Amino acid sequence: MSISVFLCRVHVVLKYMLRHDKKERFFPVMTGAFWLNVVLQSSAYLIYTQMPSYDDSISLNNEAVKLTIVLLFFASIVFFYLGIRKDKEYLKAERWFSNKSKEQRSFLLVSSGLFMALTFLGLLFAAIYRM
């Protein structure tokens with residue numbers, strides 16, 4: 001499975017989980033990019049503070065770090081949006097989701113939402129606690 005097909009499937013699941021219109025593409029992209037960035041930033045911070053060479057005197061309150069974080073956020077939005085632009089693959093992802101039974105769709109939506117909520121909140125609060 002290509003990255004584009006995977007991103008299309010993720011987008012379709014996000015779209016139905018957030019109950020957006022069938023034609024809507026912007027808000028699920030923003031939701032996925034925001035979730036991915038918070039999870040990756042929290043994970044990177046936790047990994048950074050657990051390194052043996054971690055020094056409290058090194059400040060992450062640096063303009064270069066802030067700029068990098070913002071640029072990575074916008075890059076993930078562009079990457080996600082470009083990944084779902086192919087209409088043929090997107091329609092295939094729509095059919096993949098709609099061909100599932102109602103129970104499978106419900107399970108997919110609930111498990112995805114639970115996974116996203118737990119990783120988002122868990123890693124975010126863990127990173128805040130470590131600060």
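In this text the structure is predicted, and so the values were computed from the model without any measurement.
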| Same apolar cluster: Leu36 and Val78, side chain cutoff 4.5 Å | no
| task | To the nearest 0.5 angstrom, please state how far the NZ atom of Lys86 sits from the NZ atom of Lys92. | result | 10.5 Å
| query | Just wondering, do Ile3 and Phe79 contact through their side chains at under 4.5 Å, heavy atoms? | reply | yes
| said: Please verify the inter-ring angle class for Tyr16 with Phe97; under 30° counts as parallel, over 60° as perpendicular, anything in between as tilted. | reply: parallel
| Distance (rounded to the nearest 0.5 Å) between Ile84 CD1 and Cys8 SG | 6.5 Å
| message | Run Phe120 and Phe115 through side chain to side chain contact (heavy atoms under 4.5 Å, CB included) and show every step you take. | response | CA-CA 8 Å; Phe120 180 87; Phe115 172 74; over 6 Å; no
| task | Please answer: with hydrophobic residues joined when any side-chain heavy atoms are less than 4.5 Å apart, are Phe74 and Val39 in the same cluster? | result | yes
| field | Plane angle bin for His11 and Phe80 - parallel if under 30°, tilted between 30 and 60°, otherwise perpendicular | value | perpendicular
| said: Less than 4.5 Å apart, side chain to side chain, heavy atoms only: is that true for Pro28 and His20? | reply: yes
| request: Could you grab the distance from atom OH of Tyr45 to atom CD1 of Ile128, nearest 0.5 Å is fine? | output: 10.5 Å
| Backbone N or O of Phe73 within a donor-acceptor pair of the Ser76 side chain at under 3.5 Å? | yes
| message | Count I, L, V, M, F, W, Y as connected when their side-chain heavy atoms are under 4.5 Å apart, and connections chain through other members. Are Leu40 and Leu121 then in the same cluster? | response | yes
| said: Strictly distance-based, threshold 3.5 Å: is any side-chain N or O of Gln50 a donor or acceptor partner for the main-chain N or O of Ile47? | reply: no
| If you measure from CD on Gln41 to OG1 on Thr68, what distance do you get to the nearest 0.5 Å? | 10.5 Å
| task | Say whether, by atom type as modelled, one donor and one acceptor occur between the side chain of Trp35 and the main chain of Met116 under 3.5 angstrom. | result | yes
| message | Strictly distance-based, threshold 3.5 Å: is any side-chain N or O of Ser4 a donor or acceptor partner for the main-chain N or O of Gly83? | response | yes
| Are Val12 and Val110 linked, directly or through other ILVMFWY residues, by side chains that come within less than 4.5 angstrom of each other? | no
| task | Going by the side chain to side chain contact (heavy atoms under 4.5 Å, CB included) test, name the single residue among Val10, Ile77, Leu82, Leu14 that passes it with Val29. | result | Ile77
| said: Once rounded to the nearest 0.5 Å, what's the spacing between atom CG of Asp87 and atom CD of Glu94? | reply: 11.0 Å
| Worked verdict on Ser2 versus Glu89 for side chain to side chain contact (heavy atoms under 4.5 Å, CB included) | CA-CA 10 Å; Ser2 71; Glu89 290 181 1; 4.2 Å; yes
| query | Does Leu18 belong to the same Ile/Leu/Val/Met/Phe/Trp/Tyr cluster as Met30, with side-chain heavy atoms less than 4.5 Å apart forming each link? | reply | no
| request: Carefully, step by step, assess Arg95 and Leu91 under the rule side chain to side chain contact (heavy atoms under 4.5 Å, CB included). | output: CA-CA 6 Å; Arg95 279 194 303 270; Leu91 289 174; 4.1 Å; yes
| query | For the residue pair Val13 and Leu109, what are the closest heavy atoms and their distance? | reply | O-CD2, 3.5 Å
| request: Locate the shortest heavy-atom distance separating Ser43 from Leu123; write the atom from each residue and the value. | output: OG-CD1, 3.4 Å
| query | Under the side chain to side chain contact (heavy atoms under 4.5 Å, CB included) criterion, do Ser106 and Glu103 qualify, and how do the steps go? | reply | CA-CA 5 Å; Ser106 297; Glu103 293 83 21; 5.7 Å; no
| said: Nearest 0.5 Å, please: how far is CZ in Arg9 from OG in Ser112? | reply: 12.5 Å
